[in-house]
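I am attaching a structure below and will ask some questions about it afterwards.
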Amino acid sequence: MPKRTDIKKVLVIGSGPIVIGQAAEFDYAGTQACLSLKEEGYEVVLCNSNPATIMTDTGIADKVYMEPLTLEYVAKIIRYERPDAILPGIGGQTGLNLAMQLEKKGVLRECRVELLGTSSESIERAEDREQFKELCQSLGEPVLPSDIANSMEEGLAVAERIGYPVVLRPAFTLGGTGGGFADNETEFRALMKNALTLSPVHQVLIEKSIKGFKEIEYEVMRDRNDTAITICNMENIDPVGIHTGDSIVVCPSQTLTNKEYHMLRDSALKIIRALRIEGGCNVQFALDPRSFQYYLIEVNPRVSRSSALASKASGYPIARVSAKIGVGMTLDEIRIANTPASFEPTLDYVVTKMPRFPFDKFADANNSLSTQMKATGEVMSVGRTIEESLLKAIRSLEIGLCHLHHRKFDNMDRGELLHYIGIGTDDRIYAMAELLRRGCAVETIADASAIDLFFIRKMKNIVEEERELAANKGDLSVLREAKKMGFSDQEIACLWQMSEIEVFELRKQKGILPVYKMIDTCASEFDSYIPYFYSTYEEENESVVSDRQKVIVLGSGPIRIGQGVEFDYSTVHAVGTIKAAGYEAIIINNNPETVSTDYTCSDKLYFEPLCVEDVMHVIELEKPMGVIATLGGQTAINLAQPLRERGVRIIGTDCDAIERAENRDAFEKLLSQLHIPRPKGQAVTSIEAGVRAAAEIGYPVLVRPSFVLGGRAMQIVAKE
């Protein structure tokens, strides 16, 4: 069906401020939707209140309203603008809930505004726990024993009937807010009180807990012709019980048999057809690892963080296609590079997503994970094997680790480690690796953690390769094998008692360098050139280097407190400017939620860790005229000096200027020269010097580290 001509103006609702559970992925989705609709000739009006996003830039929509995302304000905009239609599934839970409010209050009917894509009835059936359960039962799809409660008394009766342990899921909340597991009545009462308060409709679903089942997601797409495809499926390394946004996720699934894969795929397609979803949709399953029994956990009738990940993992732009479906187009009419959107993507690589947590800022916070999301952002990495993909993801996180090793666990005994991995935490994979180093059986670790044996065996391969490296210092065949497995130069240098630069130079000399493979949605089945690449240690390089002058822009990595979507905004603007000036613009970044990691944004995109080693490989291949390091937040700033030391030209604000601003001592001296008043201060490099300086300055003092983000580790100190 061709696009609709009876619609001229479309309102897109954004997702407002970044909160845990709703981050840059909706800026990506909203930006894609606006551009996709403009591409088809529609006038686009956007309402959003977040100044850090690219979506609210004047070039994205025809008109932007910077207004609160409330019923009152959006109703005013609709009454003034009189759009023909509204696109509800792009602005996360905020946008979806607002569209439903506008529908229920009669604003859409009054102004004759149509909901595009999935209908309000379908959204209601997917979001309302009771209606969703009834639909699944009518289709013969297994759902967990559960019931709805609107009060504490009702809830206690339901929990008693189903039997503990149970899980609580408040209706219409974001990122699992207010939910959790209760093993007994005491735990239930505390959770239920909070859940009822947080649900906007004071409704809570109580269901039987299936902690320990595998959690599998399918990202699916359907048009009004009832053509439905799966874009990819994803497997959580953590079992059910940890929110998928907090779990390490691999794509495509690794431990499913062919029968299990197709059983769940058929179920996902059956459910979106029954819901009459039009556009992208995320379906979550729990699968018993010991049988073919599965349960439908939930359906998101909108784009989500998982769909941003699926878009970047497969090269299939879900939000862009969803917007076009919303205006009546069908999958066979929509093109993605050189294939129709009705073609299911094929992945010939492994993607690992790792969440980024705020526990470095909140050192005293409880780092155990449950059904409520705690991650602020995530990284994605691509490799040919799980081992390579996992190690690249760890390097990308920027948590001070370069390998599957954390000093925190070096001095714990075996009993402590086994207890620790039984609790889902943000760092238990490092504890598991420590157990493997001490010879603990893979089966013992699997029993303690409920993580599939397959993933633990992959970690064991990494640990065995460490031993191999340590025993064969200087052996080139072992070095090549380690690089193929994803080992960083930093880790190899540590095992070989060399410097990182020595390992890098040795590899260069011996020709042990990565090649770049393309993410093209079709595993090279069709002849196409998509400028979207990842590194691996194989033979054939698919990244064609042009003879144009090039500029590389370093991105900002995962979203964390103090470094949000604003640096993605500056990265995208930089690329636009570089292209307009006639240069080839290249981005290196690893955050799947962002606009900058959409391969249509730059001339070339490298999805890589933002570490010196990985960035240098791209620089040595592309030979740019310069690298911009001041637009990717602290991540890129911290790379400027090590890159300059390796002979890279930093353009724009250079290393000397960065040093003057970031180094506390240099900054103090500069202010003195300029006679600019400032609080008395001294830069120190040891505790003893710090104590002396504080005594001289006089308490209270403010302690501020150099080269950190968002005031990390800054403290006001009252006494010695």
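Residues: numbered from 1 along the sequence shown. Predicted, not measured: the structure shown is a model, and the values here were computed from it.
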Asn282 and Glu217: side chain donor to acceptor below 3.5 Å: yes

Aromatic ring pairing Tyr349/Tyr534, orientation class (parallel under 30°, perpendicular over 60°, tilted between): tilted

Lys/Arg-Asp/Glu bridge criterion (N-O < 4.0 Å) met for Glu620, Lys508: yes

Donor on one side chain, acceptor on other, Glu608 and Asn590, under 3.5 Å: no

Glu387/Glu465 under side-chain contact (heavy atoms from CB on, under 4.5 Å): CA gap, chis, key distance, verdict: CA-CA 11 Å; Glu387 294 91 334; Glu465 188 62 30; over 6 Å; no

Non-hydrogen side-chain atoms of Leu369 and Lys374 separated by less than 4.5 Å: yes

Under 3.5 Å side-chain donor-acceptor pair for Asn541 and Ser543: no

Between CG on residue Asp568 and OG1 on residue Thr597, distance to nearest 0.5 Å: 7.0 Å

Parallel, tilted or perpendicular: rings of Phe409 and His406 (30°, 60°): perpendicular

Lys408 side chain to Tyr420 side chain, donor-acceptor N/O pair below 3.5 angstrom: yes

Validation row: Lys483, Leu513 side chains within 4.5 angstrom (heavy atoms): no

Enclosure of Arg407 CZ (heavy-atom neighbours >12, cutoff 6.0 Å): no

salt_bridge(Glu622, Lys604) N-O dist < 4.0 Å: yes

Side chains of Leu554 and Val615 in contact at under 4.5 Å (non-hydrogen atoms): yes

Phe504 six-ring face occupied by Arg646 cation (under 6.0 Å, within 45°): yes

Verdict with supporting geometry, Glu434 and Arg437, salt bridge (Lys or Arg N to Asp or Glu O under 4.0 Å): CA-CA 5 Å; Glu434 189 52 42; Arg437 284 184 193 100; 3.4 Å; yes

Any side-chain donor near an acceptor of the partner, Gln490 and Arg395, under 3.5 Å: no

Polar contact flag, side-chain donor to acceptor under 3.5 angstrom, Asn233-Ser253: yes

Side chain to side chain, His617 and Arg507, heavy atoms closer than 4.5 Å: yes

Option from Lys392, Lys517, Glu388 for which side chain to side chain donor-acceptor pair (under 3.5 Å) with Ser535 holds: Lys392

Side chain to side chain, Ile18 and Asn50, heavy atoms closer than 4.5 Å: yes

4.5 Å side-chain heavy-atom contact, Leu453 and Thr255: no

Modelled atom types, side-chain donor and acceptor of Tyr569 and Asp57, under 3.5 Å: yes

Aromatic ring proximity, centroids under 6.0 angstrom, Tyr430 and His405: no

Lys312 NZ/CZ over Tyr28 ring centroid, <6.0 Å and within 45° of normal: yes

Atom pair CD1 (Ile445) and CG (Leu417), whose distance is rounded to the nearest 0.5 Å: 9.0 Å

Validation row: Leu479, Ile512 side chains within 4.5 angstrom (heavy atoms): yes

Ring geometry between Tyr516 and Tyr606 (parallel below 30°, tilted from 30 to 60°, perpendicular above 60°): perpendicular

Thr571 versus Ser596, side-chain donor and acceptor atoms under 3.5 Å: no

Of Glu378, Gln563, Glu398, the residue whose pairing with Pro558 passes side chain to side chain contact (heavy atoms under 4.5 Å, CB included): Glu398

CA sep, side-chain torsions, deciding dist, call: Thr244, Gln284, side-chain hydrogen bond (donor to acceptor under 3.5 Å, both in side chains): CA-CA 9 Å; Thr244 185; Gln284 294 170 18; 5.6 Å; no

Ile248 and Pro355, any side-chain heavy atoms less than 4.5 Å apart: yes

Exercise: do Thr31 and Arg320 side chains pair donor with acceptor under 3.5 Å: no

Distance-only polar pair, side chains of Ser306 and Glu219, donor-acceptor under 3.5 Å: no

